[in-house]
Amino acid sequence: MKSWSRLNRQIVQCQKCPRLIKHCQRIAREKRRAYRECEYWGRPVPNFGSPPARVLIVGLAPAAHGANRTGRMFTGDRSGDWLYRALYKTGFASQCESTDSDDGMRLIDCVITAICHCAPPANKPAVAEISSCRSWLDETIDQVKPQVILALGQLAWKSTVDVAIEREWWAARRPKFGHAVEVQLDNQTLLVGSYHPSQQNTFTGRLTEEMFDRVFRAIRTCLDADVTA
Ligand code: SF4
């Protein structure tokens, strides 16, 4: 099996979706005014964290001026502020703020990936682009071997279920996505759903901090129960 660093190198060098590669490069060239002094990453963003890890968090895609700028998943944008705060409060991250790839952040027992490793226009990857990227999700799951997969948003949930069906981990009717929904995929892997901490959800109150934290506390309780069982 490929090593973790080799997998991440291959993700960074991936060119399977020309539309997305061009978009990432264009954003990196044009930049947002507030970041005009920054050197943008402008490529596919690798997984963050490293195995062994009991929790795998699956996001949608890098934000144009967040991870596409910093080169680290959920780093440098508002969604990341929510995610790392929740991870820190439940002991999965070494600090609560994630500002850039040199900020000293360490994930603890946790890896962050995405169903699309390139920033898409309007935050919407095409179906074909998500499918092209699924092989990276598949290999990431193989290497991390998580006990819990947390899918942030409906599309992350769908891609994870697709992988589970391909692996014959799941043979029943497709499980419906919902916030804090839990589905046991096979004997070892629990799939948990959460609304994505996007501004669309957090600004409208569809997702509150308490709702988000509750999902992470439930995951922590589940892992702790497993250790003491
Ligand atoms: S979205 Fe995924 S498959 Fe497409 S170019 Fe980026 S890394 Fe490759």
Side-chain angles (χ1 to χ4, degrees), residues 1-32 35 38-51 53 56-80 83 98 100-101 107 110-146 149-167 177 191 196-198 200:
M1 187 186 284
K2 273 178 211 152
S3 73
W4 184 245
S5 51
R6 190 164 157 225
L7 170 61
N8 277 325
R9 258 198 322 275
Q10 288 190 318
I11 291 172
V12 171
Q13 289 165 0
C14 180
Q15 302 268 317
K16 283 192 269 185
C17 311
R19 179 184 87 112
L20 298 186
I21 295 294
K22 271 195 205 140
H23 181 69
C24 293
Q25 291 170 346
R26 188 177 63 73
I27 296 288
R29 265 193 323 273
E30 293 175 359
K31 304 180 181 181
R32 177 177 280 171
Y35 304 125
C38 301
E39 178 146 359
Y40 274 53
W41 177 257
R43 287 169 275 165
V45 176
N47 296 320
F48 180 39
S50 45
L56 177 65
I57 297 174
V58 184
L60 172 61
H65 302 280
N68 185 57
R69 173 173 59 88
T70 62
R72 196 172 74 188
M73 287 288 175
F74 281 93
T75 296
D77 62 37
R78 295 270 173 87
S79 300
L83 177 60
S98 173
D100 62 73
S101 56
L107 291 179
C110 168
V111 166
I112 304 178
T113 189
I115 60 168
C116 176
H117 283 263
C118 292
N123 281 327
K124 286 198 180 112
V127 173
E129 289 160 348
I130 294 175
S131 294
S132 295
C133 219
R134 201 157 70 233
S135 61
W136 300 133
L137 176 62
D138 204 31
E139 289 193 41
T140 298
I141 292 173
D142 268 343
Q143 294 215 22
V144 176
K145 296 187 176 44
I149 300 178
L150 172 61
L152 298 178
Q154 184 140 22
L155 289 175
W157 175 273
K158 181 184 178 303
S159 272
T160 308
V161 171
D162 287 342
V163 170
I165 290 171
E166 276 162 22
R167 290 168 178 238
F177 170 74
L191 172 63
H196 192 285
S198 62
Q200 208 179 358

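A quick note: this is a predicted structure, and the numbers were derived from the prediction, not measured. Order of listing sets the numbers, starting from 1, for every ligand and every atom in it.
Taking every heavy atom of Cys116 and a limit of under 4.0 angstrom, the matching atoms of ligand 1 come to 1 (S). The atoms of ligand 1 that sit less than 4.0 Å from any heavy atom of Leu20 are 1 (S). Close contacts of ligand 1 with Ser132, meaning ligand atoms under 4.0 Å from a residue heavy atom, involve 3 (S). Near Cys133, meaning under 4.0 Å from one of its heavy atoms, ligand 1 places the atoms 1 (S), 2 (Fe), 3 (S), 7 (S).
The shortest distance between side-chain heavy atoms of Asp100 and Cys38 does not fall below 4.5 Å.
The distance from atom 4 (Fe) of ligand 1 to the nearest N/O/S atom of Cys14 is not under 2.8 Å. Between atom 6 (Fe) of ligand 1 and Cys24 there is no N/O/S contact shorter than 2.8 Å.
Between the side chain of His117 and the main chain of Val45, a donor-acceptor pair closer than 3.5 Å is present.
Between the choices Pro125, Ala114, Cys118, the shortest heavy-atom distance to atom 6 (Fe) of ligand 1 belongs to Cys118.
Between Tyr35 and His65, the angle of the ring planes stays under 30°, which puts this pair in the parallel group of the 30/60° scheme.
Inspection of the Asn47 and Thr113 side chains reveals an N or O donor paired with an N or O acceptor under 3.5 Å. Donor-acceptor pairing under 3.5 Å is recorded for the side chains of Arg72 and Ser98.
The aromatic ring centres of His196 and Phe74 sit less than 6.0 Å apart.
What sits closest to atom 4 (Fe) of ligand 1 on the protein, heavy atoms only, is Cys17 SG, 2.3 Å.
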